[in-house]
**Q** 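Here's a structure for you.
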Number of protein chains: 2
Amino acid sequence: MASVFPLADLKASVKADSRPGSRSDSWVDTIIKGDCVSALEALPTHSVDVIFADPPYNLQLGGTLHRPDQSLVDAVDDEWDQFASFEAYDAFTRAWLLACRRVLKPTGSIWVIGSYHNIFRVGATLQDLNFWILNDIIWRKTNPMPNFKGRRFQNAHETMIWASPSAKAKGYTFNYDAMKAANDDVQMRSDWLFPICNGNERLKGEDGKKVHPTQKPEALLARVIMASTKPGDIVLDPFFGSGTTGAVAKRLGRHFVGIEREQDYIDAAAARIAAVEPLGKAELTVMTGKKAEVRVAFNVLVESGLIKPGQVLTDAKRRYSAIVRADGTVASGGDAGSIHRLGAKVQGLDACNGWTFWHFEDGQSLRPIDDLRSVIRSDLAKVE
Amino acid sequence: MASVFPLADLKASVKADSRPGSRSDSWVDTIIKGDCVSALEALPTHSVDVIFADPPYNLQLGGTLHRPDQSLVDAVDDEWDQFASFEAYDAFTRAWLLACRRVLKPTGSIWVIGSYHNIFRVGATLQDLNFWILNDIIWRKTNPMPNFKGRRFQNAHETMIWASPSAKAKGYTFNYDAMKAANDDVQMRSDWLFPICNGNERLKGEDGKKVHPTQKPEALLARVIMASTKPGDIVLDPFFGSGTTGAVAKRLGRHFVGIEREQDYIDAAAARIAAVEPLGKAELTVMTGKKAEVRVAFNVLVESGLIKPGQVLTDAKRRYSAIVRADGTVASGGDAGSIHRLGAKVQGLDACNGWTFWHFEDGQSLRPIDDLRSVIRSDLAKVE
DNA sequence: CCGGTCCATGAATCCGATA
DNA sequence: GTATCGGATTCATGGACCG
């Protein structure tokens with residue numbers, strides 16, 4: 001059965017690519033030292049599947065802030081977060097997003113995380129550049145820092161924007177069923193709850209101080225990667241920092257590329273990633289639903305004999321009927337076509353899912369022809 | 001004691017303004033029919049306390065694309081026209097935000113609600129116009145519409161931006177203590193959970209169809225108004241729609257001004273608001289914290305005899321001690337000063353709340369001198 | 001080893017009245 | 001405008017320390 005072969009091919013391909021180091025491209029599974037835009041420009045066009053970007057937030061902090069016990073809040077006042085103006089920040093954003101778009105496959109997608117300080121500018125720039133926003137995702141923090149002065153609401157979340165490279169680029173990966181299954185069988189929502197990165201996961205230097213001021217939790221990256229990539233995909237992080245993206249990508253059987261300017265961060269990230277043990281294939285199997293299942297066309301049912309040419313199909317209430325033709329089309333009155341087109345035609349509708357509309361006689365009862373696809377699929381499963 | 005009078009004055013002022021209809025300004029507690037910007041330009045400068053805006057976000061960038069003048073664009077993939085549409089939306093946003101800023105008091109604040117289709121543009125424009133973002137607030141929907149195609153995450157939230165008119169405008173109202181008390185005595189977070197507007201609350205026409213497509217839940221507006229206004233304040237809604245802002249403002253003892261173009265919405269909103277029964281003064285009393293209490297200086301305690309000159313104060317762990325002097329200062333070693341300055345000095349800190357730092361002997365136990373202020377305050381209360 | 005207490009800390013645009 | 005200064009203000013978590 002020919003339709004099985006692409007599946008096997010895919011598996012072989014995944015297997016070959018599933019371990020870091022097995023690729024011939026020298027830039028894959030490495031951290032590139034340098035400026036974000038220059039480094040991106042050195043990478044091949046349309047070469048990465050997903051980009052996760054945690055750019056500077058441009059916090060614009062004023063003086064110092066003390067807790068009620070008078071201890072000093074360790075602010076993010078690093079040089080890399082300083083911008084002269086919104087215009088400067090916008091130009092920076094535009095530059096790295098444009099560079100990202102060239103490197104991103106048309107079937108890829110991009111994630112950008114930020115706070116209210118910068119995320120609106122990032123989102124508007126994404127739109128200006130004709131990226132197509134798929135969702136904005138809210139990371140709700142279980143343990144955010146309080147508002148110490150009681151002058152605002154506690155800033156308890158950050159925002160991620162998920163976008164495809166254009167409105168027409170609909171080939172992006174979204175493991176809908178895996179997300180749904182992971183969420184007690186209801187759709188995964190746009191608000192996610194995770195703790196901030198603390199405890200053992202937080203990288204500390206020999207002095208006991210945090211290596212990076214804004215290390216993201218691995219759980220957050222794990223959901224991003226599980227939702228929007230396939231095993232073997234390449235995940236690029238243009239602001240690599242402490243390397244959370246790389247560590248999670250490796251653990252989940254994906255490839256990574258990191259870009260980072262500061263050697264201290266590169267060293268910490270490299271050591272961190274080296275210590276990661278990739279999960280086995282079994283744990284990695286992305287739970288898939290119908291969309292990821294092997295496509296079984298109607299003619300396969302006819303060819304396999306599960307549906308016979310000349311057989312009569314009807315709708316669930318036997319109001320309409322059609323005759324199966326040998327070529328895998330169906331006919332009714334003077335009309336003929338695919339199960340979907342004919343189903344729409346007889347009902348006078350624009351569209352119709354023929355798999356659930358058309359039924360066949362099974363003893364006393366009517367069953368949708370979709371049931372027969374699962375027979376085919378379980379046969380395919382035995383081949384694995 | 002003179003410091004009591006301002007409090008009494010404030011109470012009298014609030015009482016005079018606390019019922020709709022008691023104001024002489026003709027535009028207050030009305031719905032103005034017309035274009036948002038023109039209507040705003042007819043209102044007095046610096047005249048409203050809070051603005052809540054739910055602007056249209058019909059960007060029309062997919063499917064059928066229209067130019068700003070509503071003519072149909074023939075080529076949907078024409079990038080120039082898409083860019084032009086964003087520009088038109090930005091110009092519109094800029095125009096109504098500028099008009100809002102003139103009408104808004106310097107001590108006021110503005111809320112804007114939107115989704116990922118428009119909120120990034122709104123946020124960036126707010127920043128461009130030098131509004132100062134205080135928080136972005138996430139409305140998490142308990143019952144969002146599912147994503148029917150399974151190609152994205154369920155869009156389960158909307159975003160509100162809360163901003164003051166400038167970075168220097170720090171006089172905005174934030175009822176921190178009321179919010180905290182309402183939230184089981186922990187700070188109110190930036191993510192709020194509410195159901196979408198449904199059931200009885202949802203306005204329906206005689207045909208049974210919803211009057212307005214995006215009617216907001218009253219609970220959401222109630223939290224916005226309770227958090228950022230005082231009783232008697234004027235709340236302006238430049239995109240009034242079904243009048244949720246007006247209905248909630250009236251119920252909560254605030255004044256409203258609505259601007260709306262469509263007569264059908266105006267009629268529905270007017271009838272809705274007319275049926276609203278304002279809450280009584282007792283129900284409207286806003287929870288306040290220490291900042292709102294009558295100021296009692298330390299020397300009042302000494303003058304009243306609650307603390308005696310020569311008495312020894314210590315911190316809670318008896319690590320530091322100080323002697324009270326007759327002039328209301330305290331001394332320790334070679335240092336002397338206010339309870340706050342000396343508390344800071346002995347600890348080597350920049351600041352210290354002397355009221356909670358210094359303790360006095362009360363039988364077996366140590367009690368903060370702050371306890372004695374409540375004695376003074378209850379005496380003052382009897383005089384009122 | 002267990003439980004209690006103390007302490008440190010996290011992407012933070014964090015005071016306001018009076019002189 | 002700026003400078004001064006009274007005094008108000010925090011939640012969850014993990015690790016250290018102690019009895």
Side-chain angles (χ1 to χ4, degrees), chain A residues 54-78 80-83 86 113-119 139 141-159 195-202 204 208-210 212-217 239 241, chain B residues 3 6 107 127 131-136 163-164 166-168 170-172 174 176-177 180 183-190 288-293 295-299 317 328 337-344 350-358 369-370 373:
Chain A
D54 183 9
Y57 286 10
N58 188 22
L59 285 187
Q60 306 178 65
L61 301 178
T64 58
L65 180 65
H66 292 83
R67 299 184 180 82
D69 64 3
Q70 300 303 322
S71 63
L72 184 65
V73 174
D74 184 17
V76 178
D77 53 3
D78 304 67
W80 47 257
D81 199 46
Q82 308 300 322
F83 292 84
F86 283 133
I113 186 168
S115 67
Y116 66 84
H117 310 84
N118 72 321
I119 198 66
W139 167 27
K141 303 180 183 183
T142 58
N143 48 350
M145 188 185 295
N147 183 293
F148 295 114
K149 302 292 188 187
R151 290 297 294 148
R152 305 178 178 195
F153 296 96
Q154 183 182 29
N155 191 10
H157 73 276
E158 293 187 26
T159 300
I196 61 177
C197 183
N198 250 335
N200 267 340
E201 191 185 321
R202 187 91 195 205
K204 304 265 171 61
K209 303 206 180 223
K210 57 191 178 193
H212 194 279
T214 70
Q215 184 179 342
K216 295 293 177 290
F239 305 97
Chain B
S3 58
T107 57
Q127 291 179 316
F131 283 89
W132 195 244
I133 298 179
L134 300 169
N135 280 114
D136 57 337
S164 68
S166 78
K168 284 175 290 185
K170 295 176 181 288
Y172 62 89
F174 178 51
Y176 172 79
D177 298 286
K180 183 171 174 176
N183 195 41
D184 285 348
D185 291 320
V186 291
Q187 297 188 332
M188 189 70 79
R189 296 168 45 110
S190 54
T288 56
K290 280 187 176 180
K291 280 177 184 167
E293 296 199 57
R295 185 174 161 242
V296 175
F298 182 67
N299 67 325
K317 296 186 179 173
S338 73
I339 51 174
H340 312 297
R341 289 287 145 227
L342 191 70
D350 289 333
C352 167
N353 183 342
W355 289 108
T356 52
F357 177 74
W358 295 113
I369 56 176
D370 197 27
R373 279 203 297 188

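Protein chains get the first letters and strands the later ones, always in sequence-line order, with residue 1 at the start of each. From a predicted model like this one, the values you see are computed outputs, not experimental measurements.
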**Q** Hey, could you give me the CZ/CD1 distance between F298(B) and I369(B), rounded to the nearest 0.5 Å?
**A**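 That separation rounds to 5.0 Å.
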**Q** Assign each of R151(A) and Y57(A) to its nearest nucleotide of DNA chain C by heavy atoms, then name whichever residue's nucleotide is nearer the 5' end.
**A**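 So the residue in question is Y57(A).
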**Q** Report yes if at least one side-chain N or O of R373(B) is closer than 4.0 Å to OP1 or OP2 of dA8(D); otherwise report no.
**A**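 For dA8(D), OP1/OP2 do have a side-chain N/O of R373(B) under 4.0 Å.
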**Q** For nucleotides dT13(C) and dA8(D), find the distance between their P atoms and express it as a whole number of Å.
**A**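 The same atom, P, in both gives a distance of 24 Å.
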**Q** Select base, sugar-phosphate, or nothing to describe what P195(A) touches, counting heavy atoms under 4.0 Å on all strands.
**A**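 Nothing, no nucleic acid heavy atom in range.
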**Q** Return the value, rounded to whole Å, for the distance between atom CG of N147(A) and atom P of dA12(D).
**A**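 Between P of dA12(D) and CG of N147(A): 14 Å.
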**Q** Could you give the distance separating dG7(D) and dC14(C) at their C1' atoms, to the nearest angstrom?
**A**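 Result for the C1' pair: 15 Å, nearest Å.
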**Q** Whom does dC6(C) pair with, Watson-Crick or G-U wobble, provided both distances fall under 3.5 Å?
**A**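 Partner of dC6(C): dG15(D).
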**Q** For dT13(D), take OP1 and OP2 only and decide whether either is under 4.0 Å from a side-chain N or O of N143(A).
**A**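 No, outside the criterion.
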**Q** Atom CZ of R189(B) to atom P of dT10(D): distance rounded to whole Å?
**A**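 R189(B) atom CZ is separated from dT10(D) atom P by 16 Å.
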**Q** Indicate, with a heavy-atom threshold strictly under 4.0 Å, whether D54(A) touches base, sugar-phosphate, or nothing.
**A**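 Base: the residue D54(A), judged by heavy atoms under 4.0 Å, touches a nucleobase.
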**Q** Which nucleotide, in any strand shown, forms a Watson-Crick or G-U wobble pair with dT9(D), with both distances under 3.5 Å?
**A**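 Looking at the geometry, dT9(D) pairs with no nucleotide.
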**Q** Nearest heavy-atom pair of D78(A) and Q82(A): which atoms, and what distance?
**A**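 That closest heavy-atom pairing would be O-NE2, 3.2 Å.
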**Q** Starting at the 5' end of DNA chain C and moving along, which residue's nearest nucleotide shows up first, K291(B) or I196(A)?
**A**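 Checking each residue's closest nucleotide, the 5'-ward one belongs to I196(A).
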**Q** Do the side chain of N147(A) and the main chain of K149(A) share a donor and acceptor less than 3.5 angstrom apart?
**A**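 The answer is yes, because a donor-acceptor pair under 3.5 Å joins these two groups.
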**Q** Name the residue closer to the 5' end of DNA chain D, choosing between K168(B) and N353(B) according to the nucleotide with the nearest heavy atom.
**A**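 Its nucleotide being nearer the 5' end, the pick is K168(B).
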**Q** Got a donor-acceptor contact below 3.5 angstrom from the N135(B) side chain to the R152(A) backbone?
**A**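 Not a single qualifying donor-acceptor pair exists.
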**Q** To the nearest angstrom, how far is D350(B) atom CG from dG6(D) atom P?
**A**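 Taking atom P of dG6(D) as the reference, CG of D350(B) is at 15 Å.
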**Q** Atom OG1 in T159(A), atom CG in D136(B): separation rounded to 0.5 Å?
**A**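 Separation between the atoms: 5.0 Å.
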**Q** List the atom of Y172(B), the atom of S164(B), and the distance in Å for their closest heavy-atom pair.
**A**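 Scanning both residues, the minimum pair turns out to be CD2-CB, 4.3 Å.
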**Q** Mind checking if I339(B) touches a base, just sugar-phosphate, or nothing, with heavy atoms under 4.0 Å?
**A**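 Here I339(B) touches no strand at all.
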**Q** Which value, in whole Å, describes the distance between the C1' atoms of nucleotides dA8(C) and dT10(D)?
**A**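 Per the computed distance, 13 Å lies between those C1' atoms.
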**Q** Testing the 3.5 Å rule here: is there a donor-acceptor pair between the side chains of H340(B) and S338(B)?
**A**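 No - no donor-acceptor pair under 3.5 Å links their side chains.
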**Q** What integer distance in Å separates D184(B):CG from dT10(D):C1'?
**A**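 Result: 16 Å.
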**Q** Report, as a single string ordered 5' to 3', how protein heavy atoms within less than 4.0 Å touch nucleotides 14-19 of chain D: B base, S sugar-phosphate only, - not at all.
**A** SS----
**Q** Using 30° and 60° as the class boundaries, would you call the ring planes of H212(A) and W80(A) parallel, tilted or perpendicular?
**A**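 Rings of H212(A) and W80(A): parallel, under 30°.
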**Q** Measure the distance from CH2 on W358(B) to P on dG6(D) and round it to the nearest whole Å.
**A**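 Taking atom P of dG6(D) as the reference, CH2 of W358(B) is at 15 Å.
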**Q** Using a heavy-atom cut-off of 4.0 Å across all strands, would you classify P217(A) as base, sugar-phosphate, or nothing?
**A**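 No contact.
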**Q** What's the NE2-C1' distance between H340(B) and dT4(D), to the nearest Å?
**A**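 Rounding to the nearest Å, NE2 of H340(B) and C1' of dT4(D) are 13 Å apart.
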**Q** Would you call dT4(D) syn or anti, using the 90° rule around 0?
**A**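 Because its glycosidic torsion lies more than 90° from 0, dT4(D) adopts the anti conformation.
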**Q** Counting only heavy atoms not in N200(A) (residues, nucleotides, ligands), do more than 12 fall under 6.0 Å from its CG?
**A**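 Atom CG in N200(A) is not packed in, count stays at 12 or less.
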**Q** Considering only atom C1', compute the distance from dC17(D) to dC1(C) and round it to an integer number of Å.
**A**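 Rounded to whole Å, the distance is 15 Å.
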**Q** For G114(A) versus E158(A), what's the shortest heavy-atom pair and its separation?
**A**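 Answer, listing the atom of G114(A) first, then E158(A): O-CB, 3.6 Å.
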**Q** Going by number, which of residues 64-73 of chain A have a non-hydrogen atom under 4.0 Å from DNA chain D?
**A**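 When residues 64-73 of chain A is checked for heavy atoms under 4.0 Å from DNA chain D, the hits, listed by number, are P68(A), Q70(A).
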**Q** Answer with base, sugar-phosphate or nothing: what part of the nucleic acid does C352(B) contact at a heavy-atom distance below 4.0 Å?
**A**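 Base contact.
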**Q** For R341(B), which contact category applies under a 4.0 Å heavy-atom criterion: base, sugar-phosphate, or nothing?
**A**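 Base: the residue R341(B), judged by heavy atoms under 4.0 Å, touches a nucleobase.
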**Q** Out of dG6(D), dT9(D), dC11(D), which has the shortest distance to the side chain of Q187(B)?
**A**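 When the side chain of Q187(B) is considered, dC11(D) is the closest of dG6(D), dT9(D), dC11(D).
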**Q** For DNA chain C, which nucleotides open and close the run of contacts to chain A, 5' to 3', at under 4.0 angstrom from a non-hydrogen atom?
**A**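 So the outermost contacting nucleotides come out as dT9(C) to dG16(C).
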**Q** Kindly give the heavy-atom pair with the smallest separation between R189(B) and T142(A), and that separation in Å.
**A**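 Scanning both residues completely, I find the closest heavy atoms to be NH1-O, 4.1 Å.
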**Q** With a non-hydrogen cut-off below 4.0 angstrom, is G63(A) in contact with a base, only sugar-phosphate, or nothing?
**A**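 It contacts base atoms.
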**Q** NA contact type, A297(B), heavy-atom cut-off 4.0 Å: base, sugar-phosphate, or nothing?
**A**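 Counting heavy atoms under 4.0 Å across all strands, no contact is made by A297(B).
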**Q** Using 4.0 Å as the upper bound for N to carboxylate O, is an ion pair formed by K210(A) and D74(A)?
**A**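 Counted as a salt bridge, because a side-chain N and a carboxylate O are separated by less than 4.0 Å.
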**Q** With both distances under 3.5 Å as the test, what is the Watson-Crick or G-U wobble partner of dA12(C)?
**A**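 Base-paired to nothing in any strand shown.
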**Q** For S115(A), report the nucleic acid contact type (base, sugar-phosphate, nothing); a contact means any heavy atom under 4.0 Å.
**A**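 Since no nucleic acid heavy atom lies under 4.0 Å of S115(A), the category is nothing.
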**Q** Could you report the tightest heavy-atom contact between G289(B) and D177(B), atom names first, then the distance?
**A**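 In terms of heavy atoms, the two residues are closest at N-OD2, 3.1 Å.
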**Q** Which part of the nucleic acid, if any, lies within contact of K180(B), taking any heavy atom under 4.0 Å across all strands shown: a base, the sugar-phosphate backbone alone, or nothing?
**A**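 K180(B): backbone/sugar contact only, no base atoms under 4.0 Å.
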**Q** How is D81(A) classified with respect to the nucleic acid when contacts are heavy atoms under 4.0 Å: base, sugar-phosphate, or nothing?
**A**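 Base, at least one base heavy atom under 4.0 Å.
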**Q** Rounded to whole angstrom units, what separation is found between the NZ atom of K149(A) and the C1' atom of dT10(D)?
**A**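 My rounded result for the distance is 11 Å.
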**Q** Ignoring hydrogens, what is the shortest heavy-atom contact between D54(A) and K216(A)? Give both atom names and the distance.
**A**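 Scanning both residues, the minimum pair turns out to be OD2-NZ, 2.9 Å.
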**Q** Give a yes or no on whether D350(B) atom CG has more than 12 heavy-atom contacts from other residues, nucleotides or ligands under 6.0 Å away.
**A**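 It does not: D350(B) CG has 12 such atoms or fewer within range.
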**Q** Taking only side-chain nitrogens and oxygens of T142(A), does any of them come within less than 4.0 Å of OP1 or OP2 of dA12(D)?
**A**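 Negative; the distance criterion is not met.
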